[in-house]
Amino acid sequence: MWDVEGLVGLQLSYSYSSPGVLGDRLHVFVEALRKALLTDNPAGRWEQELTTEVLVARRPG
């Protein structure tokens, strides 16, 4: 389950939108992101479905 602050933190952890890259635009970016997220879902909660696949193999013999 993700909330607004968790998604903001996730976005800021990416190299292309890190605080160092955003510089003095950081505050404006974060506010715009929060607004966009809450416009999408005013409840401020998102579920994420993850799928894990495992391939198990053995060598003969």
Side-chain angles (χ1 to χ4, degrees):
M1 179 78 63
W2 289 95
D3 63 7
V4 173
E5 293 311 310
L7 287 172
V8 169
L10 178 65
Q11 187 64 48
L12 293 177
S13 75
Y14 297 135
S15 61
Y16 56 84
S17 57
S18 68
V21 169
L22 293 170
D24 61 356
R25 299 170 296 165
L26 176 62
H27 178 73
V28 173
F29 176 81
V30 169
E31 290 306 312
L33 178 56
R34 283 186 182 123
K35 182 178 179 182
L37 288 169
L38 290 171
T39 297
D40 174 66
N41 183 358
R45 295 264 184 211
W46 293 264
E47 289 188 35
Q48 179 181 15
E49 284 189 36
L50 297 174
T51 302
T52 302
E53 295 183 27
V54 178
L55 174 62
V56 178
R58 292 189 207 168
R59 292 182 182 224

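Computed from heavy atoms alone, side chains included, the values below leave out hydrogens, waters and symmetry copies. Positions are given from 1 along the sequence.
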[X], [Y]: one ILVMFWY side-chain cluster at the under-4.5 Å cut-off?
X	Y	answer
Leu33	Val21	no
Val28	Leu7	no
Met1	Leu10	no

Value rounded to 0.5 Å, distance of CZ in Arg45 from CG in Leu37: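 Going from CZ on Arg45 over to CG on Leu37, the span is 13.0 Å.
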Atom pair CZ/CG of Phe29 and Leu12 - distance to nearest 0.5 Å: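 Taking CZ in Phe29 and CG in Leu12, the distance rounds to 6.5 Å.
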Stepwise side chain to side chain contact (heavy atoms under 4.5 Å, CB included) check, Val8 with Trp2: CA-CA 10 Å; Val8 169; Trp2 289 95; over 6 Å; no
Nearest heavy-atom neighbours spanning Trp46 and Asp40: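 For Trp46 and Asp40, the tightest heavy-atom pair comes out as NE1-OD2, 2.9 Å.
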Side chain Arg25, main chain Leu22, donor-acceptor under 3.5 Å: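 Yes.
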